Amino acid sequence: MTAKRTYRIARIGGDGIGPEVVAQASRVAEAAGRAWGFDIRWTDYPFGAGHYLKTGEILPESALDELAGHDALLLGAIGDPAVKPGILEQGILLKLRFHFDQYVNLRPAKSLPRVPLPVKADSVDIVVVRENTEDFYMNLGGTSGGKAFEIDFEASRSAYDLKGKVSLAFEPACHSAVQLGIATEAGVRRITEYACKTAKARNEDELVLASKSNALSWIYGFWEEVAEDEAARHGVKCSVANVDALCYHLVRDPARYGVILTPNMFGDIVSDLLAGIAGGLGTAAGANIGGGLSMFEPVHGSAPDIAGTGRANPVAAILSGAVMLRHLGETGAAEAVEKAVEGFLGESGHLPFEFGGTASVFQVGEAIADRIAMERSDA
Ligand code: IPM
Ligand code: MG
């Protein structure tokens, strides 16, 4: 007899509604495991605002080493009004993305049954492939009030260590800030390759690159050149769209889009826009994928205003769990979760608050988990 498959999954519920939605994503993943013959062993980590305020600790190196021993990481949300913006987002979320070189931020925007769309379209099925380690997210920069100033900077990625200095002189002196965006050829090539594979898996032979070389020619002109070349190598057509115009067309006619490849910052913006277009942040799933530990998290934030009220919608976290199961190779279980979510939204009389119903975060998770168990026992 072969041993039952067991996955070791690390879990960071985080702040606000994070722990509530992760609890439901976990029970749904467990239900899928029971139906499809695998076990999940969870390891919980306390990182987030509460832990930081109590202990001063953000995300220690020792935790990074421990996390590395897991098959995946499921994360709820990070961010709390009691902590200055940036500390936890950069110290936990971005740190994890960079440390584990999760260079792909995959954000599907798919409409779901009975979830109303705010745009004129019958359905939306778009996937944002967002570069996740470079661009303006490297946090290289500084501020100065002087005439001349120098900024030393340092960053480390799996492929390189970057050290540098920027010298600026203002005449007359002015208070100023500078932030650098970086793109490397290897960085653009690997994410373009991933986007091409994503397009092919959807039986599509083109993708759209969100760019802005008419105004930011250095970095995004470079992106266009490298991405076009890489896409051509994969036999995929890469059309370039300026990100502003792209946002306009996404609202007017989302059905015409499939795979959208983006640099890090545009991907952050476009993926929230698309979550809105496809029906709401409560259903938008996300994944941070790399060669090492990959991390699965809903696109939404910690929503402190509704934390603890039961009104959170766990669907985005549950669907992020489905992306995680697919990543682990459990395709059948992943499809079962997606089907159960669609069945629940399409047929249930008891919808989440976000869609005008009164089903609590717990009840939504329970109903979806029950559907998985029922479907499998019917099969
Ligand atoms: C996201 C979030 C993060 C980002 C923040 C919290 C740093 O907005 O995952 O989209 O900008 O990437
Ligand atoms: Mg964002």
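Just so it is clear, the structure is predicted and the values come from calculations on it, not from any experiment. All ligand and atom numbering here is 1-based and tracks the order in the structure.
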What is the closest protein heavy atom to [atom], and at what distance does it sit?
atom	result
atom 11 (O) of ligand 1	Y137 OH, 2.5 Å
atom 7 (C) of ligand 1	E89 CB, 3.8 Å
atom 3 (C) of ligand 1	L93 CD2, 3.9 Å
atom 1 (C) of ligand 1	R107 NH2, 3.3 Å
atom 8 (O) of ligand 1	D268 OD1, 3.2 Å

Exercise. Does D268 bring an N, O or S atom to within less than 2.8 Å of the Mg ion (ligand 2)?
Worked result: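 Yes.
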For this session: Could you tell me whether a side-chain N or O of R157 sits under 3.5 Å from a main-chain N or O of T133, the two making a donor and an acceptor?
Result: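 A pair under 3.5 Å: yes.
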Exercise. Side chain of D71, backbone of R8: donor and acceptor closer than 3.5 Å?
Worked result: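 Looks like yes, one N/O pair under 3.5 Å.
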For this session: Tell me yes or no: between the side chains of Y137 and E131, is some donor less than 3.5 Å from an acceptor?
Result: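 Distance-only check fails for Y137 and E131.
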Problem set entry | W42 side chain to E30 side chain, donor-acceptor N/O pair below 3.5 angstrom |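 W42 vs E30: donor-acceptor pair found between side chains.
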Problem set entry | Structural part of R97 in contact with ligand 1, heavy atom criterion under 4.0 angstrom |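 Answer for R97: side chain.
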For this session: Check whether any side-chain heavy atom of E297 lies under 4.5 Å from a side-chain heavy atom of N288, and answer yes or no.
Result: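 Yes, close enough: below the 4.5 Å cut-off.
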Exercise. Considering distance alone, does some N or O of E297 sit under 3.5 Å from an N or O of ligand 1?
Worked result: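 The answer is no, given that E297 and ligand 1 share no N or O pair closer than 3.5 Å.
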For this session: Determine whether more than 12 heavy atoms belonging to other residues, nucleotides or ligands lie under 6.0 Å from atom CZ of R311.
Result: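 Count not over threshold, so no.
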